[in-house]
Number of protein chains: 2
Amino acid sequence: VQAASDDLESRLADLIGSDRVSSGPSDRGLHGEDLSFHSGVPPDVVVFAGSTADVAAVLRLAHDERVPVVPFGAGSSLDGHVIPFRGGISLDMTGLNRILALRPEDMTATVEPGVTRLTLEREAAQHGLLFPVDPGADATLGGMAATNAAGTMTVRYGKMRSQVLALEAVLPGGAVVRTGSRAAKTSAGYDLTGLLVGSEGTLGVITELTVRLRPIPDSLLLVRASFPSLEAACAVAGGMAAAGESVSRLELIDAWEVKAVNRHAGTDFAELPMLFLELAGSPGSVADGLEYVRELLAEARATDVLEEVDPTRQRQVWRIRHELFFAEKAMAPGREALSTDVCVPLGELSGAIRATSKAIASQGLIGGVSAHAGDGNIHASVLLDPADPGELARAHALVEALVDDALARGGTCSGEHGIGLGKIGALEREHGDQLDLMRAIKQAFDPHGVMNPGKVLRGT
Amino acid sequence: VQAASDDLESRLADLIGSDRVSSGPSDRGLHGEDLSFHSGVPPDVVVFAGSTADVAAVLRLAHDERVPVVPFGAGSSLDGHVIPFRGGISLDMTGLNRILALRPEDMTATVEPGVTRLTLEREAAQHGLLFPVDPGADATLGGMAATNAAGTMTVRYGKMRSQVLALEAVLPGGAVVRTGSRAAKTSAGYDLTGLLVGSEGTLGVITELTVRLRPIPDSLLLVRASFPSLEAACAVAGGMAAAGESVSRLELIDAWEVKAVNRHAGTDFAELPMLFLELAGSPGSVADGLEYVRELLAEARATDVLEEVDPTRQRQVWRIRHELFFAEKAMAPGREALSTDVCVPLGELSGAIRATSKAIASQGLIGGVSAHAGDGNIHASVLLDPADPGELARAHALVEALVDDALARGGTCSGEHGIGLGKIGALEREHGDQLDLMRAIKQAFDPHGVMNPGKVLRGT
């Protein structure tokens, strides 16, 4: 094996230059893990792509020699997408990090896949524009497209698939295709752009993206409130998702998460379900939205209501939500946080959150629930000792229970994290009738099965 | 051939009942044409599906016996999608017309494919909800999904692909699959929902859809204005598309279309480019939008500006746009109207409209241009004598010229009408590098090539 990977390294170096190829333990280690609780597995070799031509050369070799290739961006996956399943090449795309064009007149940008969302956001802001997908991490746009990322602004703007107008992608074997166009809409044949978005690196490697940008709203208002019950909080969330055209963020955390925030940030919020609600738009639109929020909050007997217009103080309030991961971890120092997500129809939100809390307790785990409440997207966060096989088994049992509950409610096994390594069985339960079609599509793109094997579909 | 189709008819009658099968000349004739200028070709047999089981039985027979099947809805295709290319079965889905569920708490509806958009709109309105895709015709929702329809409200809400959360579809061979879920978003494997949407009946038959609904806006305002130049009109359209969060419709017609309207409706509008702009939302949002529109209109030296808040009078103004097809036809009685569409990046709108007008003139054809201006989606309408082969050839040359112009501008060969029969060569020019992938997908779904042959991909 060692000889084989030495040979692989030297052949890759011959193809694209030795400075772009590494098998050093540090590079291999860093490219063997992500933010999930799945055990890391280092790749044999890391390749730092510098161009589409590099990617094509690597994919030609990989195809001809049956070497696995795992595209790698910021490494912020939450379900093992970038962990090599059986060695091979980790293809680091972060060096492809140029914004190739930003066109205010078209409201689009064309970027290389290693550009991160915050980099694009800063550049777009200079033209009064916004890139509206915020998954939390400063992920690369290529990675976000590959996993069809979503986040706090999805309630208003949609997921990555709604933003990506066109792709350049390299297919296994090295062919370069350009899907979609720079027009705002198209009906030109099968939607290969939409198929590559969310394919988790199993069909090809994205080497360029054209995405939509939106105007930065004139006015932003943040409302934070606590509620006597989960049902009361969800009633406000549902009411705003249904009628609040100005809603741009709608985040819910449960009482356990509030307790974690209090410990982490030294605050003393009542340990009750809490909602963070952002209104964005023209001043008149935000004012009308606020009037409706106030009505709903009064009906729901909300307490500790904060209305914040000052941008600096808004950021301070949002920090509570953004640092949730660290607050959670502080509840059980030394443990790893497992974050898993399911998504249910809007009317099922409070029932599904209750079921999630019960399932965490009945598995004897420590953790809480947060939600992108406007999308019905629920996250369970539990704190694990990865060295404890019993606890790990109970965490897996929790994920399965949450998936079954979501499916029983007409929902889906993942709203945004994707399948990766951890939801393969869940996908089989949800879409067993389509696995043959998915396998046929995989086969059409990647006949030798070199692209990110072991992800999405079992046995690939 | 006659004996073979008699045999087909009797075998279909045995399968699903003789009252659901017809080879009468009237039924065959009606199912052999659409609203396009493509020559009609009758199917051998028309089947009126009454259930998913009927569809499965027909698709099993068709698959086993290699009989072409063309799904048929309202017959309002503009590019030949429902015209049988080589006989076989026209599968009429209009009998599957029940609204199976309407869930205000989830903001979704589940419908059979023969439900038309206006039927759903009426039902949704009783719950304060809206179905936001309006392609003009009262098309069936199954047909709208199959062609990824769009229309006047796409600037705000997106195309059909953005509305469809879940599908039931019958695949060639008769297998029934259920894609997607009732949740607002999903990351569960490859996007088969999005792949079936827009596949134009070439991959399977949609037998049930779950679609998103939106709140009916509290306030609606219509602004109509004339402009000294096309560029001035496009500047306002671009400005509102870029910054006008409250814009829900943004329709442009050129001077020739205004002339047609004047003749048809007896109006006396100045024969100048005209914009119809709808603002929708909360009262404050609409008021802010109007303020911005007024600024843009003043800068653009717009004339004959009408601001209309009364719903009845708004409908009268919109009738101008809705009856455009008939107004166009009245410019050359006895001729057929050909409507073709391309879509360009927003910043290319005025240039592409100018190029379209020039191309119509240089082909010696009669016609004008309209646009869903907020999407960069341009329609050329020309009036043809279909019995004149020279004129028909020039019309085809016009379509090719418009496609080439759109592609050169970074756009697409179709923004909403789809490929059908008429854009197969255009798709090859636009996405030649992806035809093998598209063919492989077709092969995976439909190995014997029975679904709507001759559409989207050449030689299928």
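Letters A, B, ... mirror the listed sequences (proteins, then strands); counts begin at 1.
Screening B/T412, B/V155, B/T154 for a side chain to side chain contact (heavy atoms under 4.5 Å, CB included) with A/K185, the sole residue that qualifies is B/T154.
Looking at B/E416, both its backbone and its side chain come within 4.5 Å of chain A, counting heavy atoms on both sides. The parts of B/S199 that come within reach of chain A are both its backbone and its side chain, each placing non-hydrogen atoms under 4.5 angstrom from that chain. When heavy atoms are compared at a cutoff of 4.5 Å, A/A188 approaches chain B by way of both its backbone and its side chain. If you measure heavy-atom distances from B/L427 to chain A, the contacts under 4.5 Å come from the side chain alone.
Not one N or O on the side chain of A/Q434 forms a donor-acceptor pair closer than 3.5 Å with the backbone of B/V177.
Contacts with chain A were tallied for B/R439, B/M107, B/Q443, B/M438; B/M438 has the most, counting heavy-atom pairs under 4.5 Å. Ranked by heavy-atom pairs under 4.5 Å with chain A, the first of B/P283, B/A440, B/A175, B/G239 is B/P283. When each of B/S282, B/A184, B/A444 is scored by its heavy-atom pairs under 4.5 Å with chain A, the top score falls to B/S282. Of the listed residues (B/G376, B/G411, B/G418, B/A242), the greatest number of heavy-atom pairs within a distance under 4.5 Å of chain A belongs to B/A242. For the set B/V286, B/L195, B/N377, the count of heavy-atom pairs under 4.5 angstrom toward chain A peaks at B/N377. Options A/L203, A/N148, A/L213 differ in how many heavy-atom pairs under 4.5 Å they form with chain B, and the most are formed by A/L203.
Side chains of A/T202 and B/Y190: a donor on one and an acceptor on the other come within 3.5 Å. Between the side chains of A/S187 and B/S414, no donor N or O sits under 3.5 Å from an acceptor N or O.
Between A/D218 atom CG and B/D288 atom CG the span is 8.0 Å, to the nearest 0.5 Å.
Salt-bridge check for B/D191 with A/R161: passed, with a basic side-chain N closer than 4.0 Å to an acidic carboxylate O.
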>> One pair to check against side chain to side chain contact (heavy atoms under 4.5 Å, CB included): B/L192 and A/L437. What are the steps and the verdict?
In response: CA-CA 9 Å; B/L192 297 189; A/L437 285 176; 4.0 Å; yes
> Checking side chain to side chain contact (heavy atoms under 4.5 Å, CB included) for the pair A/E105/B/L346: CA distance, chi angles, key distance, verdict?
Replying inline: CA-CA 7 Å; A/E105 69 284 10; B/L346 217 50; over 6 Å; no
